Peer 1: 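Handing you a structure now.
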Amino acid sequence: MSLRIRLIALGWIFCQTAFAVKPPKLKDLISIPYGKNGRIEYHLQSGEFDLIADSGTIISGAYAVVKNRDAILNSKEYPTRKHSQTAIKDGFGVGQKHSIVLTRKGSPTLQQIFYVYPDREFFFTEVVVSGNSLKSNYMAPIVAEKADIGVRGDNRSLFVPFDNDAFVSYDSRPVQVGQSLTSSEVAAVYENYTRKGLIIGSVEHLEWKTGITTAGVGQQLTELKAWGGLSDEKITRDKIPHGSLSGKSIKSPRLFVGFFDDWRDGLEAYGKANRITEKPYVFNWDKPTPFGWNSWGAIKSKISFDKAVKVADFFADSLTGFRNDNTAYIDLDSFWDNFFSGGLNGDFSKLKEFADYCQKKGLQPGVYWAPFTDWGWKSRKVRKAEGGDYLFSDLWTKANGTYHDFDGGRALDPTHPGTKQRLTFAIKKLKECGFKMIKIDFLGHAAIESDGFYDRSVTTGMQAFRQGMEHLIDQLDGQMLIYAAISPNLAMGRYAHTRRIACDAWKTIKDTKYTLNGLTYGWWQTYVYNYIDADHIVFGEESEGANRARLTSGVITGTFITGDDYSVHGPWSVRARQLLQNRSILDLAKNGVAFKPVEGNSGKSAGELFVREIKGEWFLAVLNYDDHPKEYIIDLTRIGLDGSSEYLTSELFQHSTFTTTGTLRTSLPAGDAAIFKLVRK
């Protein structure tokens, strides 16, 4: 071959190589922005996604896992993934829905979905499985082996209980090797000093109980998992696995995810997101913050008609200043059936007489009921449930072949017609008496996982809870303020106006400390409910300091419910006249919004400092739970104020006034509290 021909051939090969049309390479990285600077980076080739924030990559290599019967479906193991996006407009504003559809021959289709908004510093994610004859009790939109919040110091992982039963506590545990922590419905991983933190939690509670597990060391997590299908006897009270959902398409709970400069802002955003996502089924309470009294604080099972009337007299005659918009509730707790014989089948005329008496005295009557428990189950007699022809034994919920007994009460199936008939019967009689408030209790019994429900379409505890609670709200028909005591923390948000933040508390500094553990880590529920509550405020024969502390716990939590036996005279009645008519304290209590903690590193204990801004004025509560005096030097910038400004400061119990700049210094005796009002000069 001549040199000329060789050169021509080589030139042709070069041209073919240089200018050949290559097949387009599939785009691997999908960048999904949200908020000001956040973004999700989804890798189509691997089926994993990362969460990116200002400080870098917060979550790395996250994927979804779904259980279908005995098969485990993993987003990383699907070979084909396609991305699409559509515009959305909902309660969170205008945004984008990004969907990744994953397919694999012979397997159900998976769909990973992300909801993002330019004006929200968080996003939502969920996973959907589609196919034939599906059945699942485990769906995890987020599973990751690496997460890093970017700051090292006092790193914490927060345990949030499922409910407020059995004197459970919140817990902020140090993130350290060998400790895995599972939280219910929501979790926070944060560094206490800088306050930077990651918040992940479910905003849907109609079908699933959600768990979030974290493990790692310092700022770095080696395990992060958020899934629907939590069942744990120590957390959810369940003794069997979570019920399964079935069908051609099953969706996980929708998860809220966000990285925040202040973990407290993140939890408040999460609380508000719950109320937007699952709008209340109960009517909105637009009346003033509830003030009142409850009989379980001191009288308990010894309540009688005469005692109740004397309490009403005390409030009408001796506590005329203890009102909000001229209203105070006098609430009969359990054992109001002491007023008459025959139980629910008895003559309620004495109860109506009491309700009428309260209203005659300018007070609002309240009552109590536990609709989903049987307290007489230990009786060997054959017992017919009131309001129908069913036996109580027909109504009992079964778990693993046995009955669910907890707190002394046996759980009733919320879907059973006998349970509903009894509920309708009881509420009708209480409404006819004229009660304006009802305290409902032991509601977690309605959410328990069961071997089966009367309504065969109901397969999970949360589905049963929904059906029972909606029936209860329907019967109440907008006639009463609804106060929930023992109940699920988040799922109750659709059904109650006010909810107790923790389990029972009475009068001691230990009671105050326990209650404020719930406020320290659960204050954000003030945005899930109209109000949250610190349980009945009891003075008893405790010290003045303990009385102030217990009173403070109520004021900074939300509502203001007292509990002493005011049918007889004692130190408590003297203190009540003084403390419950302190105008500065009452004006603050009318605000009804919970104070937030200044610190979040008290573990199972409670924070000592709580703060709230109200109409341009700042209020700081300081509590000393110790048995010795304590001095506090409080940095004003740490509580949210301008450290260089001068503030006129007044203490609401002692009525002292002084000027503060930079730091607030105060000393408290053992077991005492103070509330400061700070106004910029």
Side-chain angles (χ1 to χ4, degrees), residues 161-168 184 205 209 233-239 294-297 300-301 303 331-337 343-344 366-379 385-386 392 395-399 403-416 418-420 422-423 425-427 430 437-450 453 461-462 464-473 475-476 480 482-505 518 529 532-533 535-536 561:
F162 173 74
D163 59 23
N164 55 344
D165 206 348
F167 295 94
V168 66
S184 174
H205 317 283
K209 295 168 185 166
E233 188 171 359
K234 292 182 179 179
I235 302 175
T236 64
R237 321 297 173 190
D238 294 305
K239 296 180 180 178
N294 177 268
S295 62
W296 199 252
K300 296 186 172 67
S301 62
I303 189 67
D331 186 41
L332 303 176
D333 208 285
S334 189
F335 290 92
W336 48 257
D337 52 352
L344 287 181
V367 73
Y368 169 98
W369 201 46
F372 304 113
T373 50
D374 175 17
W375 299 97
W377 62 270
K378 292 182 180 180
S379 171
E386 302 93 341
F392 270 105
L395 280 51
W396 293 335
T397 299
K398 280 190 175 181
Y403 301 111
H404 182 78
D405 303 329
F406 197 66
D407 295 326
R410 177 162 288 179
L412 302 178
D413 179 353
T415 76
H416 197 288
T419 304
K420 293 179 179 180
R422 181 172 181 262
L423 189 158
F425 178 74
I427 295 301
L430 295 175
M437 169 185 176
I438 187 167
K439 177 181 175 182
I440 47 178
D441 205 357
F442 298 102
L443 302 170
H445 285 66
I448 210 71
E449 302 298 327
S450 173
F453 297 96
M462 296 316 301
F465 179 78
R466 175 186 185 180
Q467 190 173 128
M469 288 306 307
E470 289 186 357
H471 183 71
L472 173 60
I473 302 307
Q475 304 315 303
L476 288 168
M480 298 187 203
I482 301 173
Y483 171 110
I486 291 176
S487 55
N489 285 342
L490 276 303
M492 198 65 214
R494 296 182 75 230
Y495 312 112
H497 300 116
T498 181
R499 178 184 175 274
R500 199 169 66 193
I501 193 63
C503 202
D504 299 59
Y529 300 87
I532 52 176
D533 176 78
D535 204 16
H536 27 60
I561 306 298

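Please read all numbers here as calculations on a predicted model, not as lab measurements. Only this structure's heavy atoms are used, side chains among them; waters, hydrogens and symmetry mates stay out.
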Peer 1: Taking side chain as C-beta onward, heavy atoms only, is Trp396 less than 4.5 Å from Thr419?
Peer 2: no

Peer 1: Should Ile440 and Leu443 count as side-chain neighbours, where that means a heavy-atom distance under 4.5 Å?
Peer 2: yes

Peer 1: Which residues satisfy the salt bridge (charged side-chain N to carboxylate O under 4.0 Å, His left out) test with Asp407, sequence neighbours excluded?
Peer 2: none

Peer 1: For Ala446 and Pro414, which heavy atoms make the closest approach, and how far apart are they?
Peer 2: O-CG, 3.4 Å

Peer 1: Please round to the nearest 0.5 Å and tell me the distance separating atom CZ of Arg237 and atom CZ of Phe406.
Peer 2: 4.5 Å

Peer 1: With Thr397, which residues qualify under side-chain contact (heavy atoms from CB on, under 4.5 Å), at least two apart?
Peer 2: Ala411, Asp413, Ile448, Ser450

Peer 1: Taking the side chain as every heavy atom from C-beta outward, state whether Ile438 and Leu476 have any pair of such atoms under 4.5 Å apart.
Peer 2: yes

Peer 1: Angle between ring planes, Trp375 versus Phe442, binned at 30° and 60°: parallel, tilted or perpendicular?
Peer 2: perpendicular

Peer 1: Please report the shortest heavy-atom distance between His445 and His404, naming the atom on each side.
Peer 2: CD2-CD2, 4.3 Å

Peer 1: Can you list the steps and then say if Phe465 with Tyr495 is a side chain to side chain contact (heavy atoms under 4.5 Å, CB included)?
Peer 2: CA-CA 11 Å; Phe465 179 78; Tyr495 312 112; 3.7 Å; yes

Peer 1: Who passes side-chain hydrogen bond (donor to acceptor under 3.5 Å, both in side chains) against Tyr368, sequence neighbours left out?
Peer 2: Asp441

Peer 1: At their closest point, which heavy atom of Cys503 faces which heavy atom of Ile486, and how far apart are they?
Peer 2: SG-CD1, 4.4 Å

Peer 1: Does Lys234 have more than 12 heavy atoms from other residues, nucleotides or ligands lying within 6.0 Å of its NZ?
Peer 2: no

Peer 1: Between Lys420 and Gln467, does any side-chain donor sit less than 3.5 Å from a side-chain acceptor?
Peer 2: yes

Peer 1: Atom NZ in Lys398, atom CZ in Phe453: separation rounded to 0.5 Å?
Peer 2: 14.0 Å

Peer 1: Please report the closest heavy-atom contact between Asp374 and Trp377, naming both atoms and the distance.
Peer 2: O-CD1, 3.0 Å

Peer 1: Heavy atoms only: give me the nearest Asn164-Ile501 pair and the separation to one decimal.
Peer 2: CB-O, 4.3 Å

Peer 1: Kindly write out the residues that satisfy side-chain hydrogen bond (donor to acceptor under 3.5 Å, both in side chains) with Ser487, not counting sequence neighbours, or none if the list is empty.
Peer 2: Arg499

Peer 1: Give, for atom CG of Asp238 and atom CZ of Phe162, the distance between the pair rounded to the nearest 0.5 Å.
Peer 2: 7.5 Å

Peer 1: Side chain to side chain contact (heavy atoms under 4.5 Å, CB included), that's the test. Do Ile473 and Ile482 meet it? Break it down for me.
Peer 2: CA-CA 9 Å; Ile473 302 307; Ile482 301 173; 3.6 Å; yes

Peer 1: Counting C-beta onward and ignoring hydrogens, is there a side-chain heavy-atom pair between Glu386 and Phe392 closer than 4.5 Å?
Peer 2: yes

Peer 1: Which distance, rounded to the nearest 0.5 Å, do you find between the CD1 of Ile561 and the NE2 of His536?
Peer 2: 10.0 Å

Peer 1: Are the charged groups of Arg466 and Glu470 less than 4.0 angstrom apart, N to O?
Peer 2: yes

Peer 1: Determine the interplanar angle of the Phe335 and Trp296 rings, folded into 0 to 90°, and report it as parallel if under 30°, tilted if 30 to 60°, perpendicular if over 60°.
Peer 2: parallel

Peer 1: List in chain and number order the residues that pass ring-ring contact (aromatic ring centres under 6.0 Å, His included) with Phe372, two or more places apart in sequence or in another chain; answer none if no residue qualifies.
Peer 2: none

Peer 1: So, taking the atom named OG1 in Thr415 and the one named CG in Leu395, what distance separates them when rounded to the nearest 0.5 Å?
Peer 2: 9.5 Å

Peer 1: Using the side chain to side chain contact (heavy atoms under 4.5 Å, CB included) rule, take Ile427 and Leu472 through it: C-alpha gap first, then chi angles, then the decisive distance, then the call.
Peer 2: CA-CA 8 Å; Ile427 295 301; Leu472 173 60; 3.9 Å; yes

Peer 1: Please step through side chain to side chain contact (heavy atoms under 4.5 Å, CB included) for the pair Tyr483 and Arg500, ending with a clear verdict.
Peer 2: CA-CA 8 Å; Tyr483 171 110; Arg500 199 169 66 193; 3.6 Å; yes

Peer 1: Keeping Asp331 on the side-chain end and Ser295 on the backbone end, is there a donor-acceptor pair under 3.5 Å?
Peer 2: no

Peer 1: Would you mind checking if Glu449 and Lys239 are paired as a salt bridge, meaning a charged N to carboxylate O distance below 4.0 Å?
Peer 2: no

Peer 1: For Ser184, does its backbone N or O pair with a side-chain atom of Lys209 as donor and acceptor, under 3.5 Å?
Peer 2: no

Peer 1: Going by salt bridge (charged side-chain N to carboxylate O under 4.0 Å, His left out), name the residues that satisfy it together with Lys439, two or more places apart in sequence or in a different chain.
Peer 2: Asp333

Peer 1: If every non-hydrogen atom of Trp336 is compared with every non-hydrogen atom of Leu344, which pair is closest and at what distance?
Peer 2: CH2-CD2, 4.1 Å

